[in-house]
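What follows is a short report on a single structure.
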Amino acid sequence: MSYIKVSGTKLVDGKGEEIILRGAGLGGWMNMENFITGYPGCEFQIRGALAEVVGKEKSEFFFDRFLEYFFTENDAILFKSLGLNCIRIAFNYRHFEDDMNPRVLKTSGFKHLDRVIDACAKHGIYTILDLHTAPGGQNTDWHSDAGTHIANFWLHKDFQDRVIWLWTELAKHYKDNTWIAGYNPLNEPTDPTHTTLLQFYSRIYTAIRSVDPHHALFLDGNTFASDFSHFGDAHKQWENTAYSIHDYSVFGFPQSPEVYVGSENQKGRMRRSYERKREWMDERGLCVWNGEWGPVYARSEYDGAKTDEINSHRYQVLKDQLDIYNQDRLSWSIWLYKDIGYQGMVHVSRSSKYMTLFKDFLAKKYRLSVDAWGADDTYVRSAYQPLIDLIKQEIPPENQNLYPFPVWKMESRVERLARCILVSEFLVKEWAEHFRGMGEKELDEVAKSFSLENCLTRDGLNKILTDNATLVAGK
Ligand SMILES: O[C@@H]1[C@@H](O)[C@H](O[C@@H]2CO[C@@H](O[C@@H]3CO[C@@H](O)[C@H](O)[C@H]3O)[C@H](O)[C@H]2O)OC[C@H]1O
């Protein structure tokens, strides 16, 4: 079997025939996330808190079991049966390197990553390796697992050097694996200078190529994979490289400015937002990959009788996005394969041990609106509005829009920092306390909630994905 390569605007196989990669992101697994996995704050915080409550050994046991159950061969079989052919695997650098022991490879990190790559390969599914967190945090959000909104990765060369080192080690390990479609070296950078990112990409390109000349690279644009406007002629130094946009449409979220009905006007706005993100590539004939996109869904336990109606609008967003992508023969990876019920193709059943154990806690998280991702802030708006009003009153408008503006407006910055970092931190211990007194048998049962046998499928979403998995329209 041959490697997938980038040829002009296309991905091609060894015979030079076009291959379109369509699949989903395996998030919340080797990089656990608040709304995906159900905890507050960041992964490093809950790992620390659980170790305090049940001890280091049992905590490591729990997380190992969780990693095992979350994706097994059964998941690969289901995924393939839906007609999809690629999984983007998000992973946290901490699986491979300890901050207190930098540049020493933790080979234990390969245990589950190798297993899942092989399970996917066995069932004809390509994988793309996505470094979702970097030391110091490469972006301002919770999913970079930094516990802060300052993306320190861009301020400390040593953090960057460590990622160069790590990718060299990973590329050495995976260089012969042709089922890996490529490497996505850094998820959603937010580099305020816009230029340090380009220097970093040049360095990572050279480092990976020094040990692995074959695999394609998938480089995210700046500002959460939305902005290539500062890339200039940078692509001229990089061969076999595709460029990754993340095409979330605001219409697919509770913050949508209006109900999405698929009017010509709304479809036009959706298309323009997508085209803006890929403009730099289109002007230069470069290959585009949509590495993340997709609506979130209403849940009957929170949204009650309105659930189905809300979701019918979200499915319309999904279909209309896919119509655009089909016209462009676009390769895409929807966010998200599995979670506890907000966005995933598959979700943990509410009757599972984990969901039963955390039922009240999850309801509290919802009331406090601590997960920033698409959160409905109805219950807490009155608490944060005075702070927003105060800033509006006292800070001159030209100082209110701090980077990563325009993706983060002033209001969203206040809410994210206050809820997702500050209030979340107060809940970390409470999450861990749910495990107090548990032995290995019980911990295993809780972790097993994430196995496919304890999950439900989101059939409306999966059917739309299957219907579009191989669809393309000639341009
Ligand atoms: O791990 C993922 C993470 O990669 C993803 O990051 C978010 C991507 O989008 C950013 O905001 C959106 C930008 O486009 C607008 O049209 C949307 O309305 C915005 O929501 C956001 O700040 C990032 O955090 O998010 C999900 C995580 O699980």
Side-chain angles (χ1 to χ4, degrees), residues 22 24-25 27 35-36 141 143 188 221 223-227 244-279 288-300 302-328 330-336 339 341-345 347 366 369 371-378 381 404-413 415-416 458-465 467-468 471 473:
R22 291 191 167 161
F35 80 93
I36 305 178
D141 248 326
H143 40 78
E188 296 191 341
T223 318
F224 303 110
S226 71
D227 180 11
S244 167
I245 60 169
H246 288 182
D247 190 33
Y248 290 105
S249 168
V250 70
F251 292 128
F253 288 80
Q255 294 80 0
S256 176
E258 66 219 34
V259 174
Y260 186 79
V261 292
S263 68
E264 287 312 309
N265 174 286
Q266 289 175 327
K267 285 201 251 184
R269 283 149 68 196
M270 176 188 275
R271 176 177 270 286
R272 278 192 293 283
S273 154
Y274 158 73
E275 285 176 346
R276 258 197 308 275
K277 290 174 197 160
R278 56 176 292 159
E279 199 175 2
V288 183
W289 174 56
N290 183 3
E292 271 185 42
W293 64 287
V296 296
Y297 298 97
R299 293 160 289 190
S300 56
Y302 303 130
D303 301 285
K306 292 179 291 173
T307 302
D308 288 347
E309 202 209 318
I310 295 172
N311 288 345
S312 71
H313 297 294
R314 303 282 167 78
Y315 288 142
Q316 192 59 49
V317 173
L318 186 76
K319 285 182 191 159
D320 289 348
Q321 286 191 284
L322 284 162
D323 277 351
I324 298 174
Y325 302 160
N326 291 340
Q327 283 168 31
D328 285 351
L330 188 70
S331 286
W332 46 252
S333 183
I334 197 167
W335 196 248
L336 172 77
D339 70 357
Y342 195 38
Q343 192 167 22
M345 295 164 58
H347 59 92
Y366 177 78
S369 184
D371 298 339
W373 192 230
D376 177 346
D377 65 352
T378 310
R381 199 171 303 146
F405 182 84
V407 175
W408 281 20
K409 311 270 184 305
M410 183 273 278
E411 290 83 354
S412 49
R413 185 183 195 89
E415 290 165 0
R416 282 210 179 184
R458 191 180 289 285
D459 295 332
L461 163 62
N462 296 343
K463 175 157 189 337
I464 295 170
L465 295 180
D467 289 348
N468 286 274
L471 218 56

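In what follows, residues are counted from 1 in the order of the sequence shown.
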[atom2] on [Y] to [atom1] on [X], rounded to 0.5 Å:
X	Y	atom1	atom2	result
Arg458	Asn311	CZ	CG	6.0 Å
Asp227	Glu279	CG	CD	10.5 Å
Glu415	Glu411	CD	CD	7.5 Å
His313	Glu258	NE2	CD	11.5 Å
Ser244	Asn290	OG	CG	7.0 Å
Asn468	Ile334	CG	CD1	10.0 Å

Residue pair Gln321 / Trp332, side-chain donor-acceptor N/O under 3.5 Å
no

Short side-chain donor-acceptor distance under 3.5 Å, Asp320 and Tyr260
yes

When you measure from the side chain of Arg278 to the backbone N and O of Trp289, does any donor-acceptor pair fall under 3.5 Å?
no

Using atom types as modelled and distance alone, determine if a side-chain donor or acceptor of Ser256 lies under 3.5 Å from a backbone N or O of Phe253.
no

Could you go through the side-chain contact (heavy atoms from CB on, under 4.5 Å) check for Ile324 and Asp247 one step at a time?
CA-CA 12 Å; Ile324 298 174; Asp247 190 33; over 6 Å; no

Tell me whether Asp323 is salt-bridged to Lys267, with the criterion being a basic N under 4.0 Å from an acidic carboxylate O.
no

Salt bridge present between Lys463 and Asp467 (N-O < 4.0 angstrom):
yes

Nearest heavy-atom pair of [X] and [Y]: which atoms, and what distance?
X	Y	answer
Leu322	Ile464	CD1-CG2, 3.6 Å
Gly374	Pro254	O-CG, 2.9 Å
Ser369	Asp376	OG-O, 3.3 Å
Phe251	Gln266	CE1-O, 3.6 Å
Phe35	Asp339	CE1-OD2, 4.5 Å
Arg413	Pro404	NH1-CD, 3.8 Å

Step-by-step side-chain contact (heavy atoms from CB on, under 4.5 Å) determination, Leu461 to Tyr297:
CA-CA 10 Å; Leu461 163 62; Tyr297 298 97; 3.7 Å; yes

Mind running side-chain contact (heavy atoms from CB on, under 4.5 Å) on Val261 and Gln316 for me, showing each step along the way?
CA-CA 7 Å; Val261 292; Gln316 192 59 49; over 6 Å; no

Matching residue for Tyr248 among Trp335, Trp373, Phe224 - test: ring-ring contact (aromatic ring centres under 6.0 Å, His included)
Trp373

Within a radius of less than 6.0 Å around CD of Glu275, do more than 12 heavy atoms belonging to other residues, nucleotides or ligands occur?
yes

If the condition is ring-ring contact (aromatic ring centres under 6.0 Å, His included), which residues does Tyr274 pass it with, not counting sequence neighbours?
Tyr325

Side chain to side chain, Asp371 and Tyr366, heavy atoms closer than 4.5 Å:
no

With sequence neighbours left out, the residues meeting side chain to side chain donor-acceptor pair (under 3.5 Å) with Gln255 are none

Any chance you could lay out the side-chain hydrogen bond (donor to acceptor under 3.5 Å, both in side chains) test for Asn265 and Arg269, step after step, and finish with the verdict?
CA-CA 6 Å; Asn265 174 286; Arg269 283 149 68 196; 2.8 Å; yes

